[in-house]
Every structure is written in C-alpha cells, then in structure tokens.
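To keep things clear, I will list the structure first and then write my remarks on it.
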Amino acid sequence: MSPRPMKPRPQSDAVDNEGPTPLSKGRRHLAMRLDDAWLGFQTRLAIRRGRVETVIPYTGYGSTSWIRVLARIVRSDPRDAAGHTNPLQESMRGWRNFTSAPVAHAQVNVTIAGTVFDVRADRGGVVDARIPVALDAGWHTITLQSGESEIVEAPVEIVADDADFGVVSDIDDTVMVTALPRPFLAAWNTFVLNEHARTPTPGMAVLYERIARTAPSAPVLYLSTGAWNVAPTLSRFLSRNLYPAGPKLLTDWGPTPDRWFRSGQEHKKTSLERLAEEFPNIKWLLVGDDGQHDESIYSEFAQRHPANVRAIAIRQLSAGEAVLAGGRSKSGGQPTPGIPWIYAPDGAGMSAQLEELGVIRNEVRSADDPEEGEVHTASE
C-alpha cells in the first residue's frame, strides 16, 4: 500500500487582520476568551442533546495541479446531518446554521480520485485547505468525512490552464435584491427568510448565462461578506434561479486575536489578491453594486493588478435600495486606465454594454448545459 500523502496545511480565509477598530491587548484577550467560552458551552450542550459530527460541504475550485477544499464541521441533529450528503438538498435552515456548535480543529479525510488527504479545520470548524493534486479541467466531485460523520460530496471546479477570463460577483444587491436596512440584513436573511422568498436581481441570471455561453471555460465565483453558515442557502438560491454554478467565497464572523469582528471589506480585498496570485493569466470581470464599498475595492484591485481585470460592472441601486444599503459609495472608483467601467440598474443594461465591449456575444446558454450539482466524479 502506498503511503498516505503528507497533510496539506489549511489556508483559511478567516484571517486575523479583519475588523474596523484594533483592540487593546486586554480587550483582545477578552474577546477570544468570551468566544472560547461560548464555543465550549455550545459543544457541551450539543453533546448532551445527542448532536453528531457533521460535514457541511462547500463548492471548491482549483487548477489542474491543486484544489482548494472548503467545508465546515459542526455538531447537528442527526436528521439534519443526513441532508448534507447532497450539497443542494435542503437541510439545516436559518438559525440552526448559526447555533450549531462548530467542531474546532476537527480532522477531516478528503478523498480525491481515490487518494485520501488529511486536513484540519480551524477553531471555528472551517476547512479551507489547498491540496496538490492532478485533475482535468471541468467539474469533479470529492468526498469528505470527519470522525464518524456521514460521508458527504462536494463539487469542485477545476479551471483550465489556458483560461484567460473569469467572473467575480458580489451577492447582496448584485445578484439578489435584499431591500432591507444593512444593520438588519444579515439577521433577517440568516434567521428569518426562507431562500424561496429571496428575490433575484432582474436580468442578472440571464447575463451570467450569456457570459457562460461566450466563455464556457470561465469560472464564476461569488464573493460575499456573508458568513459560511449561509453558504448552503445561497447555493440553493443561485441554483434555483439559474445562476451559473460556482464557488462561494464567504467569511467567518468570529473574533480574531486583535479584533472583535472580522471586516467584510478586508475579506473581499484578500480574496481578490489571492485569486490574482492563483490565476495570474485570468482577466476578471468584477461585478458589484454602488452601495458602499464595491467600487472602491474593485478600483484598488484594478490599480494594483491591471493585467488581471477585464472590466468592472456596477449595478446602480434605486433610490430606495441605496437608502436601505446605507447610501451610495462616496468615493466611487478611482481612475483605472485601460479598464472599462459600466453602470446599469439591472442585468439587461449590463448585458448590452458588455456586448459592446466584446465581453459577451448574442447567445443564450442551452438548457442542456449542467447546473450546479450536475458534476462527474474525480475518478472519471
């Protein structure tokens, strides 16, 4: 029997330099102590209630020489645990995703094309590991198991070596209309709203399908400041509304050694920098909205990496949406010579302008093309 591959070191997006205001040394320790105490209480209560170790798989991505595995390990009701064997099946909803105790530093077995790799979750139960492995471009399925948990499948998109175009899209107010004051948005979407009641932004799904038809090998990644807890809900929403399948890059809301909460802006910045490093030959279409920060984040990235940006598309919020979002961006985007910017209130307006730029052509994707979850196994 061949020896088991060396354990890859997890690379977590839950970086420790996020948050609006640094904490003093004493408060930093207090934040972590409080969080550790809460996690300990959650774990003891979950064990007493018979909760079982459960792997919640997320869509991964990679190149033909490595993949990025994303998942979360929690203790959940056995009835919920069974649902996670299918990434798009409805299982834990709303508040249960947030109250389920994470399994800190859980050891997870990841099976890729018949080879088992050992990775470890972070203190919040999040698995974010880069594993060296050779796979063909396209969609694959890997499996994950933690302890005695059910074995679950996770889709992974392998980007072709010659791919030179891709899409990075915001979610809230870009592909999904939220129409809620930002201070209440996260709580409402997480604890109250069923994904069946969420509203897709007019024309955006058609726009993304046109992009997928023009550039079939182009990866589509959804970058959001939302917590990993809502990833299954977002996946079902995107699939139900016919958005192209793609990885979700979310974050962890917990404290860090020097901050009470992680910064959503910093998460987006570091995620874009990582993509530029991982795929140096890809030019990204960056899609966001004009409520608060997307314009400035995309502009800064374009100035640092002009060779990695094809265009920047900004959805213009209505007056009412802008009020609920806390206003429009005051600074907007700074000059980015050679990189076009387009503005439109919906997908149809963006589509027309992107067609003029040559980013998309006048075709509609076939209904026979696979949606999220229709993938083949890594061994095929």
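Throughout, numbering of the chain's residues begins at 1 and tracks the sequence.
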Problem - Interatomic distance, R68 atom CZ to R274 atom CZ [nearest 0.5 angstrom] - result: 3.5 Å
Completion exercise
Taken to the nearest 0.5 Å, the spacing of L207 CG from L354 CG works out to 6.0 Å
Practice task
Could you tell me whether the side chain of V108 reaches within less than 4.5 Å of the side chain of D118, counting heavy atoms only?
Solution key: no
Exercise for the section: Name all residues meeting the side chain to side chain contact (heavy atoms under 4.5 Å, CB included) criterion together with P345; count only those two or more places apart in sequence or in a different chain, and write none if there are none. Expected result: Q316
Handout entry: S235 and K248: CA distance, side-chain angles, deciding distance, side chain to side chain donor-acceptor pair (under 3.5 Å) verdict
Key = CA-CA 8 Å; S235 292; K248 269 67 66 180; 3.1 Å; yes
Exercise for the section: Using distance alone, with no hydrogens and no angle criterion, decide if Q303 and Y298 have a side-chain donor and acceptor under 3.5 Å apart. Expected result: no
Problem - Heavy-atom check, side chain of L275 versus side chain of L221, under 4.5 Å - result: yes
Exercise for the section: List the atom of A163, the atom of S217, and the distance in Å for their closest heavy-atom pair. Expected result: CB-O, 4.2 Å
Practice task
Could you tell me whether the side chain of I158 reaches within less than 4.5 Å of the side chain of H140, counting heavy atoms only?
Solution key: yes
Fill in the blank from the handout: Shortest non-hydrogen pair, Q353 vs A344, comes out as NE2-CB, 3.8 Å
Completion exercise
Separation between NZ (K269) and CD (E266), nearest 0.5 Å, reads 6.0 Å
Exercise for the section: Return the minimal non-hydrogen interatomic distance between L242 and E209, and the atom names on each side. Expected result: O-OE2, 3.1 Å
Exercise for the section: Could you tell me whether a side-chain N or O of H293 sits under 3.5 Å from a main-chain N or O of K268, the two making a donor and an acceptor? Expected result: no
Practice task
Would you mind checking if R361 and E355 are paired as a salt bridge, meaning a charged N to carboxylate O distance below 4.0 Å?
Solution key: no
Handout entry: Heavy-atom closest contact (V110 atom, L144 atom, distance)
Key = CG2-CD2, 4.1 Å
Practice task
List the steps and the verdict of side chain to side chain contact (heavy atoms under 4.5 Å, CB included) for D170 and L223.
Solution key: CA-CA 5 Å; D170 179 44; L223 176 59; over 6 Å; no
Practice task
Assign the ring pair H305 / F301 to parallel, tilted or perpendicular, where the plane angle (0 to 90°) is split at 30° and 60°.
Solution key: tilted
Practice task
For residues V133 and T115, determine if any side-chain heavy atom of one lies less than 4.5 Å from a side-chain heavy atom of the other.
Solution key: no
Practice task
Determine, stepwise, if the pair V152 / T143 fulfils side chain to side chain contact (heavy atoms under 4.5 Å, CB included).
Solution key: CA-CA 5 Å; V152 301; T143 63; over 6 Å; no
Handout entry: Side chain proximity check, M204 to Y243, heavy atoms < 4.5 angstrom
Key = yes
Problem - Any donor-acceptor pair under 3.5 Å from D294 side chain to D290 backbone - result: no
Practice task
Would you check if there is a donor-acceptor pair between the side chains of E53 and S146 at a distance under 3.5 Å?
Solution key: yes
Handout entry: Straight-line distance of L249 CG to S169 OG, nearest 0.5 Å
Key = 11.0 Å
Problem - Distance-only donor-acceptor check, side chains Y61 and E278, under 3.5 Å - result: yes
Handout entry: Gap separating the CD1 atom of I67 from the CD1 atom of I131, nearest 0.5 angstrom
Key = 5.0 Å
Exercise for the section: Determine whether K283 and V359 make a side-chain contact, defined as any pair of heavy atoms from C-beta on separated by less than 4.5 Å. Expected result: no
Handout entry: Modelled atom types, side-chain donor and acceptor of S351 and R210, under 3.5 Å
Key = yes
Practice task
Could you walk me through whether I282 and D164 pass the side chain to side chain contact (heavy atoms under 4.5 Å, CB included) test, one step at a time?
Solution key: CA-CA 4 Å; I282 290 185; D164 59 4; 5.7 Å; no
Handout entry: For V309, the option from I339, L285, T336 that meets side chain to side chain contact (heavy atoms under 4.5 Å, CB included)
Key = I339
Exercise for the section: Determine whether L234 and L250 make a side-chain contact, defined as any pair of heavy atoms from C-beta on separated by less than 4.5 Å. Expected result: yes
Problem - Candidate pair I314 and W341, rule side chain to side chain contact (heavy atoms under 4.5 Å, CB included), full reasoning - result: CA-CA 8 Å; I314 300 297; W341 288 68; 4.0 Å; yes
Handout entry: Residue pair T174 / G288: nearest heavy atoms and the distance that separates them
Key = OG1-C, 3.4 Å
Problem - Student check: side-chain heavy atoms of I73 and T54 closer than 4.5 Å - result: no
Practice task
Please answer whether the main-chain N or O of V177 pairs with a side-chain N or O of D172 as donor and acceptor at a distance below 3.5 Å.
Solution key: no
Exercise for the section: Working to the nearest 0.5 Å, report the span between OG1 of T201 and CZ of R315. Expected result: 4.5 Å
Handout entry: Minimum-distance pair of heavy atoms, taken over all atoms of Q145 and E148
Key = NE2-C, 4.4 Å
Practice task
Using distance alone, with no hydrogens and no angle criterion, decide if W228 and T251 have a side-chain donor and acceptor under 3.5 Å apart.
Solution key: no
Practice task
Would you confirm whether the ring centroid of W66 sits within less than 6.0 angstrom of the ring centroid of F117?
Solution key: no
